[in-house]
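First comes the structure, then the notes that go with it.
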2 protein chains.
Amino acid sequence: MPRRPSLTPPQLASAALDVVDRDGLAGLTMRAVATQLGVSTMGLYRYVKDRDELEALVVETVLGEIDTDPPAPAQGASWQDQLTVMARRLRDAVGTHPSTVPLALTRRYRSQAIMRWSETVLAILATAGIHGEQRVIALRALLAYAIGAIQLEHLGGPSGLDALAAAPGTPAAGDFPLLAESGPVANAITRDAEFHGGLAVLLRGLAR
Amino acid sequence: MPRRPSLTPPQLASAALDVVDRDGLAGLTMRAVATQLGVSTMGLYRYVKDRDELEALVVETVLGEIDTDPPAPAQGASWQDQLTVMARRLRDAVGTHPSTVPLALTRRYRSQAIMRWSETVLAILATAGIHGEQRVIALRALLAYAIGAIQLEHLGGPSGLDALAAAPGTPAAGDFPLLAESGPVANAITRDAEFHGGLAVLLRGLAR
DNA sequence: CTGGTAGGCGTAGCTTGTACGCCTACAGGT
DNA sequence: ACCTGTAGGCGTACAAGCTACGCCTACCAG
């Protein structure tokens, strides 16, 4: 029992997040995090087994910021409104650390935070009268949409709309008339409106 | 004009894909691909500028396998049916090379293949009477759902359902009663049914 | 005061990407 | 037929990254 560890997991996590937010995902190296903490490179290995474990810590920290309490079912908030709140919370948490998007959504960490989120979403779906298989499908559809939409948003997405919205006309726009026509339209929609618009479509489908 | 290049882009792409399919994404190194091609490591650099460019080539090849012709609007195929076909084609193409999932969906390559796919989807949406802003939102929602669902499917997804479905009871299942209850249900649903189920919800939402 | 345990870290090896520069095969002019 | 310039092909070498290993030392218990 000699000596207490001088670094706590929260310290680790926050140092790693600092590095990522400052230098991007590529800057997340063992050395960089160690330096940020003021210890030697190998000193880090006292606290994490792996680079992988370090990344898991980052992801867990980002997702841990999600508020997973059921949204106050106060006044006339429909279950659709509640699900919208949950989706937005997920999006906001990840959006606060955009560099971690590939990490957070690609890795299949058994994240406690996502389990809490899922539990709350399931509860809301239950109040909507959705049960059994349909509820599982609804949960996964919501998660899939959220993951995909966040990714499109932060990675530019391979949608082609961005390309044409950014540089209309220039490329072989003639081959894609509808895409070319949609470019300016897409440009005029805010990220928020897009996210909520798609979500609304999904929620409308859930209501019988 | 002396000498013709001895390696063609398709050869490059197929060698890289072979490596990925065999050794996984981590096995995709310049050396490995060069060896697969029977050239020296540096010989590769005659054909690609970068490791990045090599990855782009892989992605483009995988997505290039998507059939983007409009589905035969033969008999009584509704626009919903047609969109389902398009979504399934995207899922199938990526699913053929599961290791490339993080690559294909994470990178924001201005993929020609995805542009063709988007164009066809826009056309189908147009026949459904969806135009302007709503059509852009619908396209992105479909793409977001597809990307997210494919990712959940192939990366195990951080949904928590997998964990509880695989090892029911063991973890602190008491903290997540609904999740625990849903585990077995989720287990009984095939990947196909899940993908189509979620998609159906989305399509139902698109129909007024 | 002392001994053992566990934290802390320096060294070094392996893997990876890639800059650089030499060698050589080939087409075309003489 | 020969020479020459261009571009393909590749070997060497280095930087950066992860991490196995093992020494040193601070600390707590007795």
Side-chain angles (χ1 to χ4, degrees), chain A residues 1-61 99-100 102-104 106-109, chain B residues 1-61 99-100 102-104 106-109:
Chain A
M1 321 44 184
R3 287 176 94 171
R4 227 64 44 77
S6 57
L7 265 38
T8 65
Q11 276 180 299
L12 273 208
S14 123
L17 254 186
D18 282 352
V19 170
V20 172
D21 286 341
R22 173 160 31 84
D23 303 332
L25 196 51
L28 183 71
T29 70
M30 300 304 274
R31 292 175 221 271
V33 175
T35 302
Q36 174 82 19
L37 285 165
V39 299
S40 80
T41 304
M42 292 315 286
L44 247 192
Y45 284 85
R46 279 285 147 193
Y47 301 98
V48 292
K49 190 186 136 296
D50 245 357
R51 182 209 166 102
D52 214 71
E53 203 171 297
L54 184 67
E55 292 181 351
L57 192 64
V58 169
V59 171
E60 212 29 59
T61 305
S99 300
T100 66
L103 226 54
T106 284
R107 301 277 188 138
R108 59 174 170 301
Y109 299 119
Chain B
M1 318 48 191
R3 286 176 96 171
R4 227 63 43 80
S6 57
L7 264 39
T8 64
Q11 276 179 301
L12 273 208
S14 124
L17 254 186
D18 282 352
V19 170
V20 171
D21 287 342
R22 175 160 33 84
D23 302 332
L25 196 51
L28 183 70
T29 71
M30 300 305 273
R31 290 175 221 274
V33 174
T35 302
Q36 175 82 19
L37 284 165
V39 298
S40 81
T41 304
M42 291 315 287
L44 248 193
Y45 283 86
R46 279 285 150 191
Y47 302 98
V48 291
K49 189 187 136 297
D50 243 359
R51 182 210 165 101
D52 214 71
E53 203 171 297
L54 184 68
E55 292 181 352
L57 192 63
V58 169
V59 171
E60 210 32 58
T61 306
S99 301
T100 66
L103 225 54
T106 284
R107 301 279 190 136
R108 60 176 170 300
Y109 299 119

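Both backbone and side-chain heavy atoms feed into the values below; hydrogens, waters and symmetry mates do not. Residue numbers begin at 1 in each chain, while the letters A, B, ... track the order of the sequences.
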### Query
Between Gln11(A) and Thr8(A), is there a donor-acceptor pair closer than 3.5 Å when you use the side chain of the first and the backbone of the second?
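Yes.
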[X] [atom1] - [N] [atom2] separation (whole Å):
| X | N | atom1 | atom2 | value |
| --- | --- | --- | --- | --- |
| Asp50(A) | dT19(D) | CG | C1' | 9 Å |
| Leu7(A) | dG7(C) | CG | C1' | 11 Å |
| Lys49(A) | dC18(D) | NZ | P | 14 Å |
| Leu44(A) | dG10(C) | CG | C1' | 15 Å |
| Tyr45(A) | dC21(D) | OH | P | 13 Å |

### Query
For residues 9-19 of chain A, which residues have at least one heavy atom under 4.0 Å from DNA chain C?
none
### Any donor-acceptor N/O pair under 3.5 Å between dG17(C) base and Arg51(B) side chain
no
### Query
Taking atom CG of Leu28(B) and atom CZ of Arg51(B), what is their separation to the nearest 0.5 Å?
5.5 Å
### Message
Which residues in residues 23-33 of chain A have a heavy atom closer than 4.0 Å to any atom of DNA chain D?
### Response
Thr29(A), Met30(A), Arg31(A)
### Query
Between Met42(B) and Met42(A), which has a closest nucleotide on DNA chain D that is more 5'?
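Nearest-nucleotide comparison on DNA chain D picks Met42(B).
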Which donor-acceptor pairs under 3.5 Å do side chains of residues 32-45 of chain B form with protein atoms, sequence neighbours excluded?
{"residue": "Thr35(B)", "atom": "OG1", "partner": "Arg31(B)", "partner atom": "O", "Å": "2.9"}
{"residue": "Gln36(B)", "atom": "OE1", "partner": "Arg22(B)", "partner atom": "NH2", "Å": "2.5"}
{"residue": "Ser40(B)", "atom": "OG", "partner": "Gly43(B)", "partner atom": "N", "Å": "3.2"}

### Residue that, paired with Leu12(A), satisfies side chain to side chain contact (heavy atoms under 4.5 Å, CB included) out of Leu57(A), Leu17(A), Thr61(A), Val58(A)
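When Leu57(A), Leu17(A), Thr61(A), Val58(A) are each tested with Leu12(A), the side chain to side chain contact (heavy atoms under 4.5 Å, CB included) holds only for Leu57(A).
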### Message
Between Thr100(A) and Leu25(A), is the side chain to side chain contact (heavy atoms under 4.5 Å, CB included) condition met? List the steps.
### Response
CA-CA 7 Å; Thr100(A) 66; Leu25(A) 196 51; 5.7 Å; no
### Query
Do you know the tightest heavy-atom contact between Met30(A) and Val48(A)?
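Smallest interatomic distance, heavy atoms only, reads CE-CG2, 4.0 Å.
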### Task
Please state whether the phosphate of dG8(C), meaning OP1 or OP2, lies under 4.0 angstrom from any side-chain nitrogen or oxygen of Tyr47(A).
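Indeed, a polar side-chain atom of Tyr47(A) lies that close.
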### Query
Are OP1 or OP2 of dG8(C) and a side-chain N or O of Arg46(A) less than 4.0 angstrom apart?
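Negative; the distance criterion is not met.
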